[in-house]
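Comments concern the structure below.
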Amino acid sequence: MRARNLYAPTLRNTPADAEVKSHQLMLRAGMIRKSASGMYNFLPLGWRVIRKIEQIIREEMDAAGGQEIMMPILQPAELWKESGRWSAYGDEMMRLKDRHEQEYSLGPTHEEMITALVRDEVRSYKQLPLLLYQMQDKFRDERRPRFGLMRSREFIMKDLYSFDRDEAGMRVSYQKMYDAYSKIFTRMGLKFRPVEADNGAIGGAKSHEFTVLADAGESNIAYCESCDYAASDEKAELHPIEAPAEDMQPLEKIATPGTSTIASLCELLHVPVEKTIKAVAYQTETDELVLAFVRGDHEVNETKVQNAVGAQELRMADETAIQAAGGCAGFMSPIGIRKGTKIVVDPTVMNLYNAVAGANEKDAHYKNVNPKRDFTNEDLIVTDIRLVQAGDPCPHCGAPLKMTRGIEAGQVFMLGTKYSEAMGAKFLDENGKEHPLVMGCYGIGVGRTMAAAIEQNNDEQGIVWPRAIAPYEVVVVPVNGKKEDQLHYAEAIYEELQKAGVDTLLDDRPERAGVKFKDCDLIGYPVRVTVSPKGMEAGTVEIKVRRTGEVKVVPREQFRETVLDLLMTL
Ligand code: ATP
Ligand code: MG
């Protein structure tokens, strides 16, 4: 390709509305342009990256036994009603009607669609396992579209679905995908970590997220250096902490004016924070109140609370809902809360003796709260709802956990029979007995992976692509593109590289050298070959490695070998 004809409008300045590096650099390097909130056009350079990522994914999916198909984006509401997700999916699903008033979704994911596809055709155990995938646009009306391709409303996903005859088969398919994902991210040259994850709204038994490590990531990961445990903070399990046993003192209400925070409470009463109880009040999608309690120095893990009560969504509770249940914001405990209110208590709280908790009235607390004695509420749910923090003991080996940030680029799920049972997707075994298909699903966000790669690989000058997903592997730059002899010399080099199978761009624009070099660094081609009058005279070319800044001047006859050798290392 020749840069003269390339539609890659680069920008010198950082666009004001782009918060993260990847978004800024993709805009500046002329790879994407915004069309509307959370929706992007891909320009030629950006699209080349997407195609390369897709190709790596495709090769590994095929190698693992996957077969590529294509399903429609528009999905009939009936299918979603069969699985129960038409109502459960909530506002994130984009919905529309056709001229006959039939309802559809713009597919946010394809479990329903594919289950409907196979249920009519897969009849026998002999057809299993079956692994089908597609590479396609998904739509999610995200509450906060942001960070460019990282959280958009229309995005490309590779989604594969596995169908097996039993749980053991599903585990084999899951492992195949887990291994394929590891190969994919390794081939792309990214630092990543598979972490245990929450299954979320998709349901099922087990899940891992493939997280690309980067500070701009929205995922917090807890990991252990002593064993190989790693989990997202939503998932990370924590064992209850014991408290030293004490004689239970009588419950006593005390005045605590202006102490609606744990810090102010501890200061007033001179109690250690480990002997206080913290409350967070939520409401579910059906407005039901949920009160969650953790120890004063701990934080509530919203995902765990959501799972504990089986809610689709949680939001902070309104003052009126709290009052209606007999609570008082800032001064809450389970003691005296109205019957029928959902209360979830972390087991570490249940282990406390003579602690301090709210008295459910303004400016008042109880002291000598002994949860085992005093939390007599019916239907009290006691379960781990604590958010992991650095230093918490690893649930597997007890060593202190560390925390890091990352971007969830892919996720694999064991689904089991959730969709096949709801939608009647069955097969016959050797004995002619009917069973539901056992499923798994596996997604990779293609655009988000591109963004994650940039978050992990950039510097002051711009993007530093790993070779495997660079828009071009090598750029050939004649210092003066207006000079015929330089252009010819550069062209010969370009053609030689092309012939050697190297993905090359010839920057034949009649721009100043400085402008071209800046663009090369911004766009981030792994290798730059520069043709200058001096070099032409001496019979040499200059080779520069984007990642290290290393410059080599080699004889013209040797340049090809040098470039090929260098590329092997990038
Ligand atoms: P998140 O928790 O970040 O919202 P998710 O867990 O809902 O993502 P999945 O349903 O697991 O996403 O989708 C599979 C993959 O699709 C994700 O791992 C991610 O790479 C990508 N993806 C999901 N939502 C978006 C989005 N809004 N924009 C871009 N990519 C996305
Ligand atoms: Mg996910």
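Nothing here was measured: the structure is a model prediction, and the numbers come from that model. Counting convention: from 1, in listed order, for ligands and their atoms alike.
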Using ring pair (Phe, Tyr, Trp, His ring centres under 6.0 Å), reason through Y40 and H23 one step at a time and then give a plain yes or no.
CA-CA 11 Å; Y40 292 88; H23 190 197; 5.6 Å; yes

Please compare M157, R153, Q411 and report which has the shortest non-hydrogen distance to atom 14 (C) of ligand 1.
M157

Residues, nucleotides or ligands: over 12 heavy atoms within 6.0 Å of D228 CG
no

Any atoms of ligand 1 less than 4.0 Å from a non-hydrogen atom of R140? List them with their elements.
5 (P), 7 (O), 9 (P), 10 (O), 12 (O), 13 (O), 23 (C), 24 (N)

Determine, step by step, whether E59 and R187 satisfy the salt bridge (charged side-chain N to carboxylate O under 4.0 Å, His left out) criterion, reporting the C-alpha distance in whole Å, the side-chain angles of both residues, the deciding distance to 0.1 Å, and the verdict.
CA-CA 11 Å; E59 285 169 15; R187 277 183 65 183; 2.7 Å; yes

Heavy atom of S152, distance to ligand 1 below 4.0 Å
yes

Restricting to under 2.8 Å, identify the protein N, O or S atoms around the Mg ion (ligand 2) as residue plus atom.
E408 OE2, Q411 OE1

If the cut-off is 4.0 Å to any non-hydrogen atom of G410, which atoms of ligand 1 fall inside it?
18 (O)

Where ligand 1 meets E142 - atom numbers and elements under 4.0 angstrom, heavy-atom basis
24 (N), 26 (C), 27 (N)

Give the atoms of ligand 1, by number and element, whose distance to some non-hydrogen atom of A409 is under 4.0 Å.
18 (O), 20 (O)

Relative to ligand 1, is R448 under 4.0 angstrom through side chain, backbone, both or neither, heavy atoms considered?
side chain

Considering only heavy atoms, does R151 approach ligand 1 within less than 4.0 Å through its side chain, its backbone, both, or neither?
both

Among F147, F155, F139, which residue places a heavy atom closest to atom 22 (N) of ligand 1?
F155

Under 4.0 Å, heavy atoms only, figure out whether ligand 1 is touched by the backbone of E218, its side chain, both or neither.
neither

Any side-chain to backbone donor/acceptor pair from Q283 onto D318? Under 3.5 Å, distance only.
yes

My understanding is that only residues two or more places apart in sequence, or in another chain, count here; which of them pass salt bridge (Lys or Arg N to Asp or Glu O under 4.0 Å) with D166?
none

Can you tell which part of T449 has a heavy atom less than 4.0 Å from ligand 1: side chain, backbone, both or neither?
neither

Against Y178, only a single residue in F185, Y442, F210 fulfils ring pair (Phe, Tyr, Trp, His ring centres under 6.0 Å); can you say which?
F210

Compute the minimum heavy-atom distance from L149 to ligand 1 and say whether it is under 4.0 Å.
yes

Does the pair I221 and S232 meet the rule for a side-chain contact (heavy atoms from CB on, under 4.5 Å), with working shown?
CA-CA 4 Å; I221 303 163; S232 73; 5.7 Å; no

Should the heavy atoms of other residues, nucleotides or ligands under 6.0 Å from CG of D215 be counted, would the total exceed 12?
no

Near K191 NZ, under 6.0 Å, is it more than 12 heavy atoms from other residues, nucleotides or ligands?
no

What do you reckon, are the aromatic ring centroids of W80 and Y89 less than 6.0 Å apart?
yes

Can you check whether S173's main-chain N or O pairs, donor with acceptor, with D164's side chain at less than 3.5 Å?
no

Using 30° and 60° as the class limits, which term best fits the ring planes of W47 and F42: parallel, tilted or perpendicular?
tilted

